[in-house]
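A quick write-up on the structure given underneath.
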Amino acid sequence: MPDCTSRVSEAARSAYRRGMNKPSVAVIGAGISGLSCARALSAAGLAVTVFEKSRSLGGRCATRRWEGHIVDHGAQYFTIRAESFRAELERTCGPDLRRLAAPILDANGEIHRPGENRWYHAAGNNRLGRALAEGLTIRMEATVTTPTPLPAGWLVGDETFAAVVSSAPWPQTLALLGRPPDPASFAPCLTAFFAYAGDWAGNSASAYAHAAPAEDLAWSACENHKPGRIQPGTTVFVAQASPAFSTAHLESDPAEWSAPLRARLEARWNLDPALHRATFTHRWRYARVLAPNDPGPLPPGFFVTGDSLTESRVESAWSTGQETARQVLAHLG
Ligand SMILES: Cc1cc2nc3c(=O)[nH]c(=O)nc-3n(C[C@H](O)[C@H](O)[C@H](O)COP(=O)(O)OP(=O)(O)OC[C@H]3O[C@@H](n4cnc5c(N)ncnc54)[C@H](O)[C@@H]3O)c2cc1C
């Protein structure tokens, strides 16, 4: 274990200066699960600090401003099955919480999961992260590398905490724990945006999305169905490749994999290739968990949360955050 005496004493002093006579918790990751956990702990009176390695809140509930459009390039929408999740969303997002009205069609053109309501944030799904982060102490662009156990608590960066919660995807949480990697626990997802000239190009007006999980183009959605997001005179699609296609092309040049995805998108939505105007590509190395992971015995005071423990859905990630907060509170008495 590294000698961290001087850093500890500085940490103790800074904790004292912050008036931390209440237990403090470090949450690694400002995705939906980490923020859910941090909010619950903060509401219970603990001193919580969230460490986020990127420049944005929300994790895979991600949105990009692109060519004047607002496009969700991670979670496209979220379900609301639990009343507690509904209450939290209504409290934090208010009227910006919108329901997707147009249908999702499966590979045969039938309605996919009939009866299921799907929701999004009017200004971009990453705003859900921003809303949940309201009032929390968050260190942005702060990558946690080696949380270090102390005789009582944990050292994270230069600060001491009574407990640590990792919400990073499972392969990254394993690295934090110094355990061997398990790259097969998560599937990647190659994602692209394609812009076409004209409002409602092809047959985009007829459906919000097509789901065809067994095909290379596993998912394609028209973002024009989220009003106010796309500039007039343009139609924007999000295309997500299947896990098999994404794994096969993960390290390839994006031009190599986006071209066949675009060809499939154009066939699926009856688009004129001559109207294609722009492409954006993104590689999610850890997109979706393949099966719930069992963290096994963890060091005292170290907790795991997030979709790694369950399934890759925004609502499930939020629920794990609530459950982990209960565990942390029980541990801290
Ligand atoms: C392409 C795609 C499409 C999806 N579509 C949907 C959908 O339509 N509906 C739906 O419900 N769900 C969807 N999902 C799944 C959903 O987005 C996730 O299940 C959910 O957002 C996971 O939240 P999380 O908090 O568990 O993890 P994450 O969102 O991954 O949050 C973890 C955070 O930890 C940070 N982090 C990691 N390591 C460190 C470190 N060492 N130090 C500091 N910070 C760190 C990361 O930067 C990240 O912000 C989709 C996911 C993807 C990728």
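All values reported here derive from a predicted model rather than from experimental measurement. Counting starts at 1 for both ligands and their atoms, following the listed order. Numbers for residues simply follow the sequence, beginning at 1.
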**Asked** With Q231, which residues qualify under side-chain hydrogen bond (donor to acceptor under 3.5 Å, both in side chains), at least two apart?
**Response** none

**Fill in**
If you scan protein heavy atoms around atom 7 (C) of ligand 1, the nearest is Y77 O, 3.4 Å

**Message:** Measuring centre to centre across the rings, with the benzene-like ring taken for any Trp, is H73 within less than 6.0 Å of W66?
**Reply:** no

**Message:** For K226, is there an ion pair with D72 - N to carboxylate O distance below 4.0 angstrom?
**Reply:** yes

**Message:** For ligand 1, which is the ligand I care about here, please tell me if A287 has any N or O atom under 3.5 Å from one of the ligand's N or O atoms.
**Reply:** no

**Prompt:** Hey, which atoms in ligand 1 end up nearer than 4.0 Å to a heavy atom of A168?
**Reply:** 37 (C), 38 (N)

**Request:** Show which atoms of ligand 1 fall inside a sub-4.0 Å distance from at least one heavy-atom site of G306.
**Result:** 26 (O)

**Prompt:** Does any N/O atom on R313 come nearer than 3.5 Å to any N/O atom on ligand 1?
**Reply:** yes

**Prompt:** How close do K53 and Q172 get, heavy atom to heavy atom, and via which atoms?
**Reply:** NZ-NE2, 3.1 Å

**Item:** Shortest protein contact, atom 11 (O) of ligand 1 (heavy atom only)
**Value:** V314 N, 2.8 Å

**Item:** Contacting atoms of ligand 1, where contact means under 4.0 angstrom from a heavy atom of A142
**Value:** 42 (N), 43 (C)

**Message:** Quick test: of every protein heavy atom, which one is nearest to atom 44 (N) of ligand 1, and how far off is it to 0.1 Å?
**Reply:** K53 N, 3.1 Å

**Request:** State the atoms of ligand 1, each with its element, that fall below the 4.0 Å cut-off from a heavy-atom position in G59.
**Result:** 29 (O), 48 (C), 49 (O)

**Item:** Nearest protein heavy atom with distance in Å, relative to atom 18 (C) of ligand 1
**Value:** D307 OD2, 3.5 Å

**Item:** Lys/Arg-Asp/Glu bridge criterion (N-O < 4.0 Å) met for R86, E315
**Value:** no

**Message:** Tell me whether R283 is salt-bridged to E251, with the criterion being a basic N under 4.0 Å from an acidic carboxylate O.
**Reply:** yes

**Request:** Starting from atom 32 (C) of ligand 1, locate the nearest protein heavy atom and write down its residue, its atom name and how far away it is, to 0.1 Å.
**Result:** S167 O, 3.5 Å

**Atom indices of ligand 1 within 4.0 angstrom of A317 heavy atoms, with elements** = 22 (C), 23 (O), 26 (O)

**Request:** Could you tell me whether R60 and D307 make a salt bridge, using a distance below 4.0 angstrom between a side-chain N and a carboxylate O?
**Result:** yes

**Message:** Counting the benzene-type ring for Trp, do F302 and W154 have ring centres under 6.0 Å apart?
**Reply:** yes

**Message:** For atom 29 (O) of ligand 1, what's the nearest protein heavy-atom neighbour? Residue, atom name and distance, please.
**Reply:** R60 N, 2.8 Å

**Message:** Which residue and atom name correspond to the protein heavy atom nearest atom 34 (O) of ligand 1, and how close is it?
**Reply:** G29 CA, 3.1 Å

**Request:** Please identify which atoms of ligand 1 are closer than 4.0 Å to at least one heavy atom of S33.
**Result:** 24 (P), 25 (O), 26 (O)

**Prompt:** Would one find an N or O of V144, backbone or side chain, under 3.5 Å from an N or O of ligand 1?
**Reply:** yes

**Message:** If the threshold is 4.0 Å, N to carboxylate O, is there a salt bridge linking E266 and R264?
**Reply:** no

**Message:** If we ignore hydrogens and angles and just use 3.5 Å, is the side chain of T63 paired with the main-chain N or O of N126 as donor and acceptor?
**Reply:** yes

**Asked** Quick one: does A175 get within less than 4.0 Å of ligand 1, heavy atoms only?
**Response** no

**Prompt:** Of the backbone atoms (N, CA, C, O) and the side-chain heavy atoms from C-beta on, which set of S316 has a member under 4.0 Å from an atom of ligand 1: side chain, backbone, both, or neither?
**Reply:** neither

**Asked** Nearest non-hydrogen atom to atom 4 (C) of ligand 1 belongs to which of E52, R288, R285?
**Response** R288

**Shortest protein heavy-atom distance from atom 5 (N) of ligand 1, along with the residue and atom involved** = A75 CA, 3.3 Å

**Prompt:** With sequence neighbours excluded, what pairs up with H210 under the ring pair (Phe, Tyr, Trp, His ring centres under 6.0 Å) test?
**Reply:** W269

**Prompt:** Is a salt bridge present between E134 and R130, judged by a nitrogen-to-oxygen distance below 4.0 Å?
**Reply:** no

**Prompt:** Where on Q240 is there a heavy atom closer than 4.0 Å to ligand 1, on the side chain, on the backbone, on both, or on neither?
**Reply:** side chain

**Prompt:** Is Q76 touching ligand 1 with its side chain, its backbone, both, or neither, if touching means heavy atoms under 4.0 Å apart?
**Reply:** both

**Item:** Lys/Arg N to Asp/Glu carboxylate O, R268 vs E215, below 4.0 Å
**Value:** yes

**Message:** Please work out, at 4.0 Å between heavy atoms, whether the side chain, the backbone, both, or neither of W284 comes within that distance of ligand 1.
**Reply:** side chain

**Request:** Work out which heavy atom in R179 is nearest to a heavy atom in P297; give both atom names and the distance.
**Result:** NH2-O, 2.7 Å

